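If you're wondering where the values come from, they're calculated on a predicted model, not measured in any experiment.
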Amino acid sequence: MEFEESGIGEECGVFGCVAAGEWPTQLEVAQILTLGLVALQHRGQESAGIVMSTGTNPPTYTTLKGMGLVNTAFKAEDLLELRNGNLGIGHTRYSTTGISELQNCQPFVVDTLHGKIAVAHNGELVNASALRKKVMRHGVGLSTSSDSELITQLLALTPPMEEQDTPDWVARIKNLMTETPTSYSLLVMYKDVIYAVRDPYGNRPLSIGRIVPISKLHSSDTEGWVVSSESCSFQSIGAKYYREVQPGEIIQISKNGVKSLSVVPRPEGDPPAFCIFEYVYFARPDSIFEGQMVYTVRQRCGQQLAIEAPTDADVVSTVPESATPAALGYAQQSGLPYVEVLCKNRYVGRTFIQPNTRLRQLGVAKKFGALTDNFAGKRVVLIDDSIVRGNTISPIIKLLKEAGATEVHIRVASPPIRFPCYMGINIPTKEELIANKPEFEDIAGYIGATSVRYLSVEGLVSAVQGGIESHGKDERISTKTTRFGHCTACLTGKYPVELECRHAGGGKAGASGHLLHVSLTQVTVGGRTRR
């Protein structure tokens, strides 16, 4: 919950769909895209966009974009304009670079020498300033401040070995991947195919699903293919989880099926760097990454937290509701009963919009009601996702104590966030983070808690990697890509690649051009730490 009021923002969501079999299709591709984006709404709420294609030669592209949530950005009459499409891609946006305007809304469509392409992107390029200069030196103008337009224009540039009349999109995508190592999951639509691409470090997620007939959910029949930032979107559209796009992999999705075209390797010795905060907070709990459900990982985080930070208490509870799996895991491991101590009012706005000081101070009381009968006269262990700035948890502790809790022990199911993210997560500046302030030395006293303990970085990595399945069974994927590792840069300051530092003072999204030389942090199969 702390994330919701902290200024830490989700990333973006991408979703694509291709109808299988004969075209024109009877599959309602536009409706599937819309429902897929609704399921990814937690990843971005600023704007939403869809680009549909007939898949003919030449194809007809239809674009629909709007500001706000998917259900407000798209009207029913707008979707009628998309009904003739056989394939399409969509995007829901939270800006980490670029201002929040309709012109930055994705997917982007550009003309190339060989026809139009549409591109949707989740992530943030670590060397965007240098790439922006390179594109402009080619005489290409940029109409937005978004990293994603850079990707689109780089794809439009012809690689040196390409024949003039024969577009080689795999070569173009590989050329892009050599220009920028991370962070991106991409959908590229050209004519009758969608290319699904994940950067060599696998920093952002991307999964493929198979649409099956509604009346035959266990059938081998296929009505279409979908690709999504998270697998949580599959169930609502009648799709079955197929597999993840591997780090560095380029996949072609067409009406004929799914085909792995190439895997671009990382520099020798570098493990993948999947964002560990996808597990901690950003992803929906029913999504699957690396062969395991996010909900289960969060439970393991709670269990590990109980091992590392036990305390004498009477009940375990949570700040609703994303920390609930961790709280259940803590209760299970500690043997303490789990109870609800807070009732959330879902229809109250965020606390910073209150019109005066008194009402602002009452913001938490308006958002939560205390379930007094469950904890009055008892010692409470309260589990939360994170304490980022420290300005949200303190009023909750005060509320519980005033309602009768004798002690409130805060246990945080992730380590302290100390560093900004340059790869697609909107984290406050280093100076704003409570873990970097003098008050952190006595954070319990600062927020009014009886005690405060965080999960360790090692404990988080152990909880995440404890359930990862080996992907070595897929012979199409290089064994180099089957190792696993996770980016913990916001916790440790050790980034997976050399960074272009975009702000003087360690913030985000400027263009200072300074390079920050950092090393890789993470862990590979077998628990050996690689640095």
Of the non-hydrogen atoms in [X] and [Y], which two are nearest, and what is the gap between them?
X: Ser233; Y: Ser236; result: O-OG, 3.2 Å
X: Phe419; Y: Gly493; result: CD1-N, 3.2 Å
X: Ile383; Y: Ala326; result: CG2-CB, 4.0 Å
X: Ile417; Y: Ser386; result: CD1-OG, 3.9 Å

Test of understanding: with side chain to side chain donor-acceptor pair (under 3.5 Å), list the residues that count as partners of [X], not counting sequence neighbours.
X: Tyr279; answer: Glu290, Gln292
X: Arg198; answer: none
X: Gln299; answer: none
X: Thr372; answer: none

Using the rule given for side chain to side chain contact (heavy atoms under 4.5 Å, CB included), can you reason through Glu230 versus Leu206, listing the C-alpha separation, both sets of side-chain angles and the distance that settles it, and then say yes or no?
CA-CA 6 Å; Glu230 293 185 39; Leu206 198 60; over 6 Å; no
Could you list the residues that satisfy side chain to side chain contact (heavy atoms under 4.5 Å, CB included) with [X], not counting sequence neighbours?
X: Ala20; result: Thr222
X: Gln333; result: Gln303, Ala306, Ile307
X: Pro415; result: Val457, Leu460, Leu491
X: Val339; result: Val315, Val341, Asn374

Just wondering, do [Y] and [X] contact through their side chains at under 4.5 Å, heavy atoms?
X: Glu278; Y: Pro205; answer: yes
X: Val381; Y: Tyr330; answer: yes
X: Ile50; Y: Ile89; answer: no
X: Val316; Y: Ser334; answer: yes
X: Gln304; Y: Leu455; answer: yes

Parallel, tilted or perpendicular, judged at 30° and 60°: which one describes the rings of Phe282 and Phe277?
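Phe282 and Phe277: tilted rings.
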When rounded to the nearest 0.5 angstrom, what distance separates [atom1] in [X] from [atom2] in [Y]?
X: Ser260; Y: Gln246; atom1: OG; atom2: CD; result: 9.0 Å
X: Gln252; Y: Ile173; atom1: CD; atom2: CD1; result: 9.5 Å
X: Asn203; Y: Ile425; atom1: CG; atom2: CD1; result: 8.0 Å
X: Ile288; Y: Cys232; atom1: CD1; atom2: SG; result: 10.0 Å
X: Ile211; Y: Ile32; atom1: CD1; atom2: CD1; result: 4.0 Å
X: Leu186; Y: Arg204; atom1: CG; atom2: CZ; result: 13.0 Å

As a quick check of understanding, evaluate ring pair (Phe, Tyr, Trp, His ring centres under 6.0 Å) for Phe274 and Phe289, giving each step before the final call.
CA-CA 10 Å; Phe274 180 49; Phe289 300 138; 5.2 Å; yes
Qualifying residues under salt bridge (charged side-chain N to carboxylate O under 4.0 Å, His left out), relative to Arg284, sequence neighbours excluded:
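If we apply the salt bridge (charged side-chain N to carboxylate O under 4.0 Å, His left out) test to Arg284, skipping adjacent residues, the hits are Asp286.
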Could you pull out all residues at least two apart from Asp78 that satisfy salt bridge (charged side-chain N to carboxylate O under 4.0 Å, His left out)?
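With neighbours one apart ignored, the set is empty.
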Does one side chain, of [X] or [Y], offer a donor that lies under 3.5 Å from an acceptor on the other?
X: Ser262; Y: Glu249; result: no
X: Gln106; Y: Ser148; result: yes
X: Asp199; Y: Thr182; result: yes
X: Asp270; Y: Tyr201; result: yes
X: Ser322; Y: Asp385; result: yes
X: Ser207; Y: Ser228; result: no

Under the ring-ring contact (aromatic ring centres under 6.0 Å, His included) test, which residues partner Tyr190, sequence neighbours left out?
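Tyr190: ring-ring contact (aromatic ring centres under 6.0 Å, His included) contacts with Trp169.
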Suppose we screen for ring-ring contact (aromatic ring centres under 6.0 Å, His included). Which residues come up paired with Phe15, at least two apart in sequence or across chains?
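Partners of Phe15 by the ring-ring contact (aromatic ring centres under 6.0 Å, His included) criterion come out as none, since no residue qualifies.
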Please step through side chain to side chain contact (heavy atoms under 4.5 Å, CB included) for the pair Met52 and Leu33, ending with a clear verdict.
CA-CA 9 Å; Met52 293 284 292; Leu33 286 168; 3.3 Å; yes
Is it the case that atom CD in Gln41 sees more than 12 heavy atoms from other parts of the structure closer than 6.0 Å?
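Atom CD in Gln41 is crowded, with more than 12 foreign heavy atoms closer than 6.0 Å.
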Flag the pair Glu308 and Arg453 as a salt bridge only when some basic side-chain nitrogen lies within less than 4.0 angstrom of an acidic carboxylate oxygen.
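No.
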Go through the steps to decide whether Asp384 and Thr318 satisfy the test side chain to side chain contact (heavy atoms under 4.5 Å, CB included), and finish with yes or no.
CA-CA 6 Å; Asp384 204 357; Thr318 182; over 6 Å; no
Please lay out, stage by stage, how Ile253 and Val227 fare under the test side chain to side chain contact (heavy atoms under 4.5 Å, CB included).
CA-CA 9 Å; Ile253 306 173; Val227 57; 3.9 Å; yes
What do the steps show when you test Lys344 against Glu321 for salt bridge (Lys or Arg N to Asp or Glu O under 4.0 Å), and what is the final call?
CA-CA 9 Å; Lys344 187 173 184 178; Glu321 22 185 55; 5.2 Å; no
